Amino acid sequence: MKLLLLLVAVAAIANGQFDPQQWNNRNTIVHLFEWKWDDIANECENFLAPKGFAGVQVSPVNENVIVYDRPWWERYQPLSYKLVTRSGNEKQFADMVRRCNNVGVRIYVDVIFNHMAADNSHAVGTAGSRAVPETKDFPAVPFSSWDFHPSCDIYNYNDPNQVRNCELVGLKDLDQGKEYVREKIVEFLDHLVELGVAGFRVDAAKHMWPADLDVIYKRIKNLNTQHGFAPNSRPFIVQEVIDLGGEGISKYEYSDLGAITEFRFSAEIGKAFRGNNDLKYLRNWGEEWGFLESHKALVFVDNHDNQRSHGGGGNDILTYKQDKNYKMATAFTLAHPFSITRIMSSFAFEHSDQGPPQDSQGNLLSPVIYSDNSCGGGWVCEHRWRQIYNMVGFKNQVRGTGVNDWWDNGKNQIAFCRGGEGFIAFNLENYDLNKEFQTCLPAGTYCDVISGDKNGSNCSGKTVVVGNGGKANIYIGAKEYDGVLAIHKGSRL
Ligand code: QV4
Ligand code: CA
């Protein structure tokens, strides 16, 4: 018995990095791209917790180079591991993590330790207004030229040595094989764990050797029990490895170390909901599509790179700019049991370098929150779109069930149940969907959470009457504002 317990404990530790460490009634992460820490703390309390979000991925937290015109991507050029950025300082960061954890919303930090800042002729200063680094000299860590790989360009992504030991767009490439470098990285990650974060998105993981990452991950402290984590909990790790096939480095080299950003999911869901691949094929959505196993894949319709054509992904990626199709793709993502889901929350942009909403001094601006839940001030807040946050609630309601009673019209109308907990239908045809369905739900009247909100016994959108035996007539007009309808046990009136 003791041996068995020991084995179970060892297995839990070995697999801990795949566990997002969320409250057990919640399961979706939102990336609040470029938000300030104070605003995220408010958002956790006022919106994310009440709507059932499980966590937030935050923008990089450590000091970065300041680039002329303040593009968003300056934050991917670290100067040190001091917790000071345009989003806030260490005190504000710590306060945010505490307040979010208190209401059951976990914080995941985007950490960059493949590289430090590039020699950058555009850089105009630093957060601490020190000199722009022209050499491999980062005194605030400190790192010096000893700690980096010799400079070379990555021009052949089929050569793993080059991808891992040369400079990604000129960014000074740290040598994680060196003991001192590992120590500095682990110090940084441990600091964040002490402050109560639940895990990390590891930037540019593909550009580091799996064996080095393995050492680094294993050394990180257990999560902070004073923030509500169980003793011996391991930080969740999701590694940014873009593997769309056909390159020298595969996601499978990293998938035993931690979860992976599954970019194929993003490409395929975009293709389907743009109408470039029939929805009927989604019937076997999941591993059979070449995706990683469910518990190892972090999935998203778009991310901060591919929504603006950085890092590849092709023309199929859907973003907030194709709103009707985007909401449908997101609804499918959240209705389906496959994988760990992340919602993108963007700022509006016209061109790919454009920075987040900011004043003339470059200070970030807060989102303006309207009474209908939406937001403005240059922020898009996809996570505040009813069709999206209500699907976060749907996913929470149907957790633990599979897909059943799949139906399709042989093309672009599909519907399915999640156990006896929820039902969803999609219409991407240019003709109406009007049909009797098995909804798998008990008889009653339900509020469609896409077209409206349930408020007590009222529904501000369409209602669906489910008869004895679970049958209901479902109507989604081709010209309707949204091409999806979703009902679940929690939306019963
Ligand atoms: C320029 C030239 C280079 C030259 C260099 C010399 O283009 O050829 O070598 O100057 O100094 C910015 C500029 C880029 C500039 C570079 C260095 O856009 O033109 O190089 O700075 O000054 C983000 C942006 C990048 C940005 C970078 C650093 O996307 O445009 O570069 O931040 O500020 C691959 C990787 C994958 C990566 C993806 C974008 O495998 O890991 O490309 N994704 C992650 C992040 C991403 C981030 C980085 C990695 C780097 O998600 O947001 O890049 O941390 O697929
Ligand atoms: Ca590297």
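Counting starts at 1 for both ligands and their atoms, in listed order. On a predicted model such as this, the values are computed, not experimentally measured, just so you know.
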- Note on the structure: Of Ala204, Gly170, Ser59, Pro78, the one whose closest heavy atom lies nearest atom 9 (O) of ligand 1 is Gly170
- Query: Counting only heavy atoms not in Tyr281, do more than 12 fall under 6.0 Å of its OH?
  - Reply: no
- atom 40 (O) of ligand 1: of His207, Arg308, Lys206, the nearest heavy atom sits on His207
- Task: Using a strict 4.0 Å threshold on nitrogen-to-oxygen distance, state whether Glu287 and Lys296 make a salt bridge.
- Result: no
- Query: Do any pairs count as a disulfide bond (SG atoms under 2.5 Å apart) and have a residue in residues 251-306, sequence neighbours left out, and if so which ones?
  - Reply: none
- Measure the distances from the heavy atoms of His304 to every atom of ligand 1 and state whether one is below 4.0 angstrom. yes
- Using 30° and 60° as the class limits, which term best fits the ring planes of Tyr81 and Phe188: parallel, tilted or perpendicular? parallel
- Task: State whether Trp379 and Arg384 meet the cation-pi test: NZ (Lys) or CZ (Arg) under 6.0 Å from the six-membered ring centroid, and within 45° of the perpendicular axis.
- Result: no
- Name all residues meeting the side-chain contact (heavy atoms from CB on, under 4.5 Å) criterion together with Asn24; count only those two or more places apart in sequence or in a different chain, and write none if there are none. none
- Task: Assign the ring pair His336 / Phe332 to parallel, tilted or perpendicular, where the plane angle (0 to 90°) is split at 30° and 60°.
- Result: tilted
- Task: Determine, considering heavy atoms only, which of Asp305, Asn64, Asp110 sits nearest to atom 46 (C) of ligand 1.
- Result: Asp305
- Message: For residues 18-89, which residue pairs pass the disulfide bond (SG atoms under 2.5 Å apart) check, not counting sequence neighbours?
- Response: Cys44-Cys100
- Which protein N, O or S atoms lie under 3.0 Å from the Ca ion (ligand 2), given by chain and residue number? Asn114 OD1, Arg164 O, Asp173 OD1, Asp173 OD2, His207 O
